[in-house]
Q: 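Can you keep this structure in mind? I'll have questions shortly.
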Amino acid sequence: MLLELSITDFAIIEHLDIDFQSGMTVLTGETGAGKSIIIDAVGLLVGGRGSHDLIRTGASKAVIQGNFILHDDNPTYNVLDDLGIDHSDGNVIIERVIFANGRNSCRVNGIMVNIATLKRIGETIVDIQGQNDHQELMRPERHIQLLDDYAEDELTDILQSYQAQYDTFIKLRDLNQKKHQNEKQWAQRVDMLKFQIKEIQTADLHENEDTDLVAERDRLNNFQKIHDALLASYEGINGDEDASGSIDSIGSAMSSMQDIEELDPEYKQISDNLSGAFFALQDVASQISDQLSNLEFDQDRLDQVEQRLNSIYQLKHKYGDSVSQILEYLAKIKQELAQMSGDAEASDDLDNQLAALKSDLIKRATKISDVRHRWAKKLEKAVHQQLSDLYMDKAVFEVNIQQNRALNRLGADRVEFYIQTNPGEKMLPLVKSASGGELSRIMLALKTMFAKAAGVTSIIFDEVDTGVSGRVAQAIGNKIYTISQKSQVLCITHLPQVAAMSDHHDFIEKKIANDRTTTTITELTTAQSVAEISRMLSGTAITKLTKEHASELLKLADEEKQKIKDS
């Protein structure tokens, strides 16, 4: 739920700190007092579009902050985990700042995010329904999504699997179209790939082969230098015909120290060190001797190495800067050729692949359509019940499902809501038959049922009761209160019947001081709520009779709320 809201220098609001509670809270006040501005501020907190025009005149920025407390199973936590944003204390604190230059700053629990990310988080927390949001019902292309939302428990996995297959189909279809658009270029590309693959494979390259060959070439090219160095080292250690070597000198020193090593521990240490050096030199001399014995210059091998390196250089010039890059390129073009030529085990060509994919997609789309038809019946029944509660019991709601001529990412269905608002009339598309008040009630009926409404922590209704009155207004108030039993509800209304159903009543008022307009908010006591509802009933004149009427309305509302709680 939205626990706290702070607004500074936003529109006509200089500063407001608002504490909200669970249940149903109504916001009332004269037109233009700033009720919708508060809702707009919440909308910006959850990723709505903002503009520097919203900054209060004379201020450099507008600042909006909100503190939300979420249930343990709220989907927001999954989004925050994906983004690496800590939520260990159960709070989600969102801040949005709009600067005069149009720049926006958004933070979630102190972490800066962009507006797209803020919207991704926000849509799991708050659901705002405005007086014009029933326009979604006036867009037939959105009806299929509304039905799918209702059927999500059974449909989500099936639809996601279909869409993954559909995406593959589209990629291959585009590839096939390119092939047929220019068969010559296609054939040339296939021939080139085959040539390149053969050329690289014939070379029989091995990882790091070029590095090893360069090292071998350097050794062969420096044969004389290596031989001379090894020989000089060997003679320096072992000596030659004219002089003794280091090993003989160290051997003599070692023998001398061995004669006196028992006389002093330090002499013993020197003797041991000399012995170690003597035997180490013997090992080195042996190693050098082996190297000299095995050392030979092989001109044929040098020519072979040079030739191999030249071949690798030619391949590098075409396909990469190293043997590793050439082998990576080989794997890439082999994959491309396999795709262009078609998987020989699955089909002979792309046309056959596409035919097989399309056949499978049709089967999947048929399964999706079957699920939609089943849930459409459930939706119709549920909407009828909800509309009956809203005094549209004679209305007949129908989910019309037709087959598209071509598959799309949602399957093969075209969905449109139909309604018969009065007996004896034809079933007509919803967009052609329902009035504004009827659309508001249909939207509220759908909102009451859809599972996604239960996922968000707060639902906001901004004058969704436009165009209704009397007992219909009472029914709408009952329906909104019913929703508030599962989720926090904030509701802007001009209807006393809806206001009377609230758990909390906030009064929004516009004041002028020092030639500046400001907005204030006051949580009303029971007596103050009676006065406000009385004003809503009668207009400006508040009489004893209107107060009695307001008190009676509140008493009846308490009875209605108890019935809802008991049901």
Side-chain angles (χ1 to χ4, degrees), residues 1-2 18-31 33-36 38-39 129-131 386-392 437 440-441 443-445 447-448 458-509 520-567:
M1 60 174 281
L2 175 58
I18 312 170
D19 295 330
F20 290 108
Q21 302 176 62
S22 60
M24 177 179 171
T25 298
V26 295
L27 289 77
T28 66
E30 297 286 357
T31 300
K35 301 184 297 297
S36 292
I38 294 173
I39 303 306
Q129 294 293 316
Q131 57 183 315
Q386 296 294 330
L387 292 178
S388 178
D389 294 343
L390 293 166
Y391 295 98
M392 290 182 68
S440 294
R441 281 181 277 173
M443 183 277 296
L444 189 57
K447 181 57 61 180
T448 305
S458 302
I459 302 175
I460 298 174
F461 293 105
D462 186 1
E463 298 187 30
V464 297
D465 46 25
T466 300
V468 299
S469 60
R471 64 177 186 170
V472 176
Q474 182 62 55
I476 286 179
N478 289 4
K479 196 62 63 179
I480 294 175
Y481 183 80
T482 300
I483 296 172
S484 75
Q485 299 306 291
K486 294 183 179 180
S487 178
Q488 178 192 47
V489 169
L490 309 179
C491 178
I492 293 177
T493 184
H494 289 291
L495 294 179
Q497 295 92 334
V498 175
M501 291 295 295
S502 66
D503 297 309
H504 316 283
H505 191 162
D506 290 348
F507 179 67
I508 314 298
E509 188 176 13
T520 62
I521 183 169
T522 304
E523 183 175 358
L524 301 183
T525 63
T526 301
Q528 291 171 327
S529 184
V530 169
E532 171 62 5
I533 292 175
S534 178
R535 180 194 65 78
M536 296 171 73
L537 284 165
S538 64
T540 56
I542 300 176
T543 65
K544 179 181 178 181
L545 185 61
T546 58
K547 286 186 177 180
E548 290 175 353
H549 189 184
S551 296
E552 180 68 15
L553 191 61
L554 283 167
K555 180 180 178 182
L556 293 173
D558 287 339
E559 295 174 359
E560 291 293 325
K561 288 193 282 188
Q562 191 58 50
K563 291 178 184 177
I564 293 170
K565 290 177 180 178
D566 294 340
S567 62

Q: For E532, enumerate each residue passing the side chain to side chain donor-acceptor pair (under 3.5 Å) test, keeping only those at least two apart in sequence or located in another chain.
A: T28, R535
Q: Can you list everything that forms a side chain to side chain donor-acceptor pair (under 3.5 Å) with K35? Sequence neighbours excluded, please.
A: none
Q: So do N478 and K563 actually touch side chain to side chain, heavy atoms under 4.5 Å?
A: no
Q: Step by step, would you call L444 with I483 a side-chain contact (heavy atoms from CB on, under 4.5 Å)?
A: CA-CA 10 Å; L444 189 57; I483 296 172; 4.1 Å; yes
Q: Quick one, Q528 and F507 - any side-chain contact, counting heavy atoms below 4.5 Å?
A: no
Q: Counting C-beta onward and ignoring hydrogens, is there a side-chain heavy-atom pair between Q474 and L556 closer than 4.5 Å?
A: no
Q: Rounded to the nearest 0.5 Å, what's the gap from OG on S22 to CG on L2? Could you check?
A: 12.0 Å
Q: Output all residues satisfying side chain to side chain contact (heavy atoms under 4.5 Å, CB included) with D389, sequence neighbours left out; order by chain, then residue number.
A: Q385, Q386, K479
Q: Taking only residues at least two apart or on different chains, which pairs with a member in residues 541-554 satisfy side-chain hydrogen bond (donor to acceptor under 3.5 Å, both in side chains)?
A: S534-T546, T543-T546
Q: Applying salt bridge (Lys or Arg N to Asp or Glu O under 4.0 Å), can you list everything that pairs with D558, at least two apart in sequence or on another chain?
A: K561
Q: My understanding is that only residues two or more places apart in sequence, or in another chain, count here; which of them pass side chain to side chain donor-acceptor pair (under 3.5 Å) with Q562?
A: D566
Q: By side chain to side chain contact (heavy atoms under 4.5 Å, CB included), which residues pair with T526, not counting sequence neighbours?
A: none
Q: Please identify each residue that fulfils side chain to side chain donor-acceptor pair (under 3.5 Å) with Q21, with sequence neighbours left out.
A: E523
Q: Can you measure from CE (M1) to CD1 (I459) and round to the nearest 0.5 angstrom?
A: 13.5 Å
